[in-house]
Amino acid sequence: MSRFPRGFVEDLSMEEPKTSLRRPSICFRPINPSDLERLEQIHRDLFPIRYESEFFQNVVNGGDIVSWAAVDRSRPDGHSEELIGFVTAKFVLAKESEISDLIRYDSSKGEETLVYILTLGVVETYRKLGVAKSLIKEVIKYASSIPVCRGVYLHVIAHNNPAIRLYKRMSFRCVRRLHGFYLINGQHFDSYLFVYFVNGSRSPCSPLDLVVLVLNYVRSGIKVVASKLTMKHEEKGLKGVKCKDNMRCLLPTQSKRNLASSERVSSGYDYV
Ligand code: ACO
């Protein structure tokens, strides 16, 4: 699979980074060999896991890893090409992946693949500006442009709330909690497995999801009307007696979350 063929793909008009009054001009480009040192440095700074030098070589030389770099081209100090964020990912065969059971296969499409996000990071002074969101969007756009690709997925350690919020906000589905998935300094940590389906595999809002949504809405509407009618009827029959459980009568029934197993969680956007 070829590395994504692009130069600058987006130029974000951003709020100022917290460290200066400059207005950053964030651009996205492929990671190249000149990024090696900086890439290793940011990985060391941001992740509790140590990555092999083979991994970094693979990223910068575009082996079987695809990657996007975020740079601030408005930096006046000669660092305008220096990474301020990145995302790295690789292709895996859908049927060999750990989410093979969740894929809707289409035999006419040939060997189906998934994009697995390996690492995502934004240096601290450039956070909360939408850089990570844009990087993930690039991955999704890229995955969607490959007809045999069925989705983008990743693991995130269970206590990484900023990253979990990001993936949920971007309509990734949390499909599993994996107990003791990470081993860091001799201690096990759980991870969540998030998936974003593309190319009709299982979109975040498929037609089926919409039908279920509409049916639930109609059903809850009917219940509200029915409970109002019941109350009127009761009020007529029992003059002066009020429905004690007024609030409960009027609230539509909320649909229960469907927890299929201890490891698999709701098919909506929530995680356990
Ligand atoms: N103004 C104010 N807030 C904003 C703006 C803006 N213009 N744009 C985005 N935001 C907010 C978002 O609403 C979001 O808020 P929330 O967290 O309260 O929901 C928040 O900023 C983050 O969104 P982004 O800006 O897109 O994300 P960011 O660039 O800050 O990067 C990341 C998030 C990657 C998790 C970063 O915190 C990080 O690098 N953490 C350390 C490494 C890490 O945890 N990586 C992910 C591990 S999982 C994996 O690698 C597969």
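Index from 1, following the sequence. These values consider heavy atoms only, across backbone and side chains, with no hydrogens, waters or symmetry-generated copies. One-based numbering, in listed order, for ligands and for the atoms of each.
- At least one heavy atom of Y167 lies less than 4.0 angstrom from ligand 1.
- Polar contact check, A132 against ligand 1: a nitrogen or oxygen pair lies under 3.5 Å apart.
- Aromatic ring orientation, F91 versus Y142: perpendicular (interplanar angle above 60°, classes split at 30° and 60°).
- The N/O atoms of L129, backbone and side chain alike, include one that comes under 3.5 Å of an N/O atom in ligand 1.
- Within the 4.5 Å cutoff, side-chain heavy atoms of I99 are placed close to those of R176.
- Between E40 atom CD and Y51 atom OH the span is 13.0 Å, to the nearest 0.5 Å.
- Near K133, meaning under 4.0 Å from any of its heavy atoms, are these atoms of ligand 1: 26 (O).
- The N/O atoms of G121, backbone and side chain alike, include none that comes under 3.5 Å of an N/O atom in ligand 1.
- Here the CD-CG distance, from E82 to D72, works out to 10.0 Å after rounding to the nearest 0.5 Å.
- Between N160 and ligand 1, an N or O atom pair is found at a separation short of 3.5 Å.
- At a threshold of 4.5 Å between non-hydrogen side-chain atoms, the residues K95 and E111 count as touching.
- Taking distance alone, with nitrogen or oxygen atoms compared against 3.5 Å, L166 stays at or beyond that limit from ligand 1.
- Nearest to atom 35 (C) of ligand 1 by heavy atom, out of A163, G85, P48, is A163.
- Ring pair Y167/F172: centre-to-centre distance below 6.0 Å.
- Residues meeting the side-chain hydrogen bond (donor to acceptor under 3.5 Å, both in side chains) test with T119, sequence neighbours left out: H43, T88.
- Residue contact check: G130 has heavy atoms under 4.0 Å from atoms 8 (N), 9 (C), 24 (P), 25 (O), 26 (O) of ligand 1.
- Considering both main-chain and side-chain atoms, Y126 never comes within under 3.5 Å of ligand 1 through any nitrogen or oxygen pair.
- Distances from atom 19 (O) of ligand 1 to the heavy atoms of R169, H155, K168 put R169 nearest.
- For K133, there are no side-chain hydrogen bond (donor to acceptor under 3.5 Å, both in side chains) partners, not counting sequence neighbours.
- Of the candidates K137, K128, R127, the one placing a heavy atom closest to atom 6 (C) of ligand 1 is K128.
- Remark: the E54 side chain and the N58 side chain contain no N/O donor-acceptor pair separated by less than 3.5 Å.
- Every N/O-N/O distance between I117 and ligand 1 stays at or above 3.5 Å.
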